[in-house]
Amino acid sequence: MLGNYNPTGDYSTQAVIMERVIPTEWFDRSAVSVAPDLIGCTLVRQLPDGTQLRGMIVETEAYQEGDPACHAYRKQTKRNQIMFGGPGYVYVYLIYGMYHCVNVVTDRIGAPSAVLIRALELAPATLSAISLKPKEKPIRAAAGPGKLCLAMQISLDLYGTKLESGQAMWIEHRSIDWQAKLDIGTIELTQTTRIGLTQGVDLPWRWYVKGCKAVSVFEKLPLVGS
DNA sequence: CAAACGATTTCC
DNA sequence: GAAATCGTTTGT
């Protein structure tokens, strides 16, 4: 129970779980605002059999209006339509015909935008529950948007689902301990340009936990604050 | 209808 | 450095 933010003083298990789940309204702002705030939060995937897979978000990227790299830059299509709706929904797409990438839709209706979740630090129990590739280091099991979806069993069938407690997926707030470390500078965030793009390459809309071994790419040096 | 392309990953 | 692989998007 330690480390759980619980302003109600109600420590029943169900109440604590509800407190920690991020509500829809929290995502109702620009992707650039949400993306850094998602670092340190926990992505929870609940499988049909009730099994929960968990990982702390350690890397994100923002995609929003006026951004040529955003999938909603040109017009509304079948693939990107979820981004045009309200916040707090899951946007999943197939990339290179073989991997999936998962996003959280942000901002109000009519402001197409989303935050790409690029890397997780998987919880010990989750590492035990899944099967890792033969030579894979556990810390790297969800280091990258495609690997993350593979580890968390995220695919197109989650497209358009809402991030809510008890659903197929939801997100929980940073722990008090993690937030405290960020506040005193024990943990730092780095802001850089995004990965793998041909357009919008100079926008510094990628964030990650400085020094974290679970991040997708290290060599890209900080553009801000170095 | 045909062709190019990609917010990736892995292996040579 | 290049292949794998396929739905979406864009062009003819």
Side-chain angles (χ1 to χ4, degrees), chain A residues 27 30-39 43 55 57-85 87 89-107 111-122 130-160 163 169 171 190-209 212-223:
Chain A
F27 301 105
S30 73
V32 166
S33 171
V34 171
D37 286 356
L38 273 177
I39 306 291
L43 183 68
I57 298 169
V58 297
E59 177 181 351
T60 59
E61 285 179 359
Y63 291 86
Q64 62 182 42
E65 278 184 303
D67 170 14
C70 180
H71 285 170
Y73 181 62
R74 292 177 178 278
K75 59 179 181 181
Q76 186 168 342
T77 64
K78 186 190 175 191
R79 181 178 70 161
N80 68 23
Q81 60 178 333
I82 194 66
M83 296 176 75
F84 286 78
Y89 287 84
V90 178
Y91 169 43
V92 183
Y93 65 90
L94 181 67
I95 183 72
Y96 294 106
M98 63 189 80
Y99 296 103
H100 296 277
C101 291
V102 65
N103 299 247
V104 180
V105 174
T106 54
D107 217 323
S113 58
V115 173
L116 170 68
I117 301 176
R118 288 191 53 90
L120 301 176
E121 192 172 302
L122 298 178
I130 66 178
S131 53
L132 279 62
K133 286 200 284 288
K135 279 184 54 188
E136 186 77 273
K137 294 178 183 172
I139 191 66
R140 303 290 300 164
K147 297 174 69 178
L148 174 167
C149 285
L150 213 51
M152 299 289 277
Q153 299 179 39
I154 296 167
S155 57
L156 288 178
D157 55 358
L158 287 193
Y159 182 98
L163 291 164
M169 197 156 70
I171 302 178
T190 296
Q191 181 178 6
T192 70
T193 52
R194 298 170 295 181
I195 305 292
L197 305 181
T198 58
Q199 298 183 80
V201 294
D202 293 327
L203 292 172
W205 289 354
R206 174 184 180 231
W207 289 266
Y208 63 88
V209 177
C212 179
K213 297 297 187 292
V215 161
S216 68
V217 179
F218 308 119
E219 59 266 27
K220 199 146 197 166
L221 294 175
L223 187 113

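Source: prediction; values computed, not measured. All values below come from the heavy atoms of this structure, side chains included, with hydrogens, waters and symmetry mates left out. Lettering follows sequence order; numbering is per chain, from 1.
Contact between the side-chain N/O atoms of A:Thr198 and the OP1/OP2 oxygens of B:dG6 is found at a separation under 4.0 Å. Considering only side-chain N and O atoms, A:Thr77 lies nowhere under 4.0 angstrom from the phosphate OP1 or OP2 of C:dT8. Residue A:Arg206 places none of its side-chain N or O atoms closer than 4.0 Å to OP1 or OP2 of B:dA7. Close to B:dT10, at under 4.0 Å from its OP1 or OP2, lies a side-chain N or O of A:Lys133.
Using a 4.5 Å heavy-atom threshold, the side chains of A:Met83 and A:Cys70 count as touching. Proximity of A:Val58 to A:Tyr208: side-chain heavy atoms (C-beta onward) are nowhere separated by under 4.5 Å. Residues A:Leu197 and A:Arg206 fail the side-chain proximity criterion, which asks for heavy atoms closer than 4.5 Å. At a threshold of 4.5 Å between non-hydrogen side-chain atoms, the residues A:Leu43 and A:Met152 count as touching. Contact check for A:Gln64 versus A:Leu203: no side-chain heavy atoms found under the 4.5 Å cut-off.
Put simply, CE on A:Met98 is 12 Å from C1' on C:dG7, counting in whole angstrom units. Nucleotide B:dT9 holds its C1' atom 14 Å from the CD1 atom of A:Ile195, rounded to whole Å. In this structure, A:Glu136 atom CD and B:dT9 atom P are separated by 11 Å, rounded to whole Å. Note: OH (A:Tyr73) to C1' (C:dT8) measures 19 Å, nearest angstrom. The nearest whole Å value for the distance from the CD atom in A:Glu61 to the P atom in B:dT8 is 7 Å. Distance CG (A:Leu148) to P (B:dT9): 9 Å, rounded to an integer number of Å. Between the C1' atom of C:dG7 and the CG atom of A:Asp157 lies a distance of 16 Å, rounded to the nearest Å. With rounding to whole Å, A:Arg79 atom CZ is found 16 Å from C:dC6 atom P.
Under the side chain to side chain donor-acceptor pair (under 3.5 Å) test applied with A:His71, the options A:Tyr93, A:Tyr63, A:Tyr91 reduce to a single match, A:Tyr91. Of the candidates A:Asn103, A:Val102, A:Asp157, A:Val92 forms a side-chain contact (heavy atoms from CB on, under 4.5 Å) with just one, namely A:Val102.
Comparing C:dG7, B:dA7, B:dT8 by their nearest atom to the side chain of A:Leu94 picks out C:dG7. You'll find that the side chain of A:Lys147 is closest to B:dT9, out of C:dT8, B:dT9, B:dA7. Distances from the side chain of A:Tyr96 to the nucleotides C:dT5, C:dT9, C:dC6 place C:dT5 closest.
Taking the 5.5 Å centre cut-off and the 30° plane limit, the aromatic side chain of A:Tyr63 is classed as stacked on B:dA7.
Contact annotation for A:Gly97: base contact, defined as any heavy-atom pair under 4.0 Å involving a base atom. Heavy atoms of A:Ile95 sit under 4.0 angstrom from primed sugar atoms or phosphate atoms, though from no base atom.
DNA chain B forms stems at B:1-6 with C:6-11, B:8-11 with C:1-4, each a run of 3 or more consecutive Watson-Crick or G-U wobble pairs whose two key distances fall under 3.5 Å.
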**OP:** I would like to know whether A:Val32 and A:Trp207 meet side chain to side chain contact (heavy atoms under 4.5 Å, CB included); could you show each step before the answer?
**Re:** CA-CA 10 Å; A:Val32 166; A:Trp207 289 266; 4.0 Å; yes
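Distance noted for atom P between C:dA3 and B:dA4: 15 Å (whole Å).
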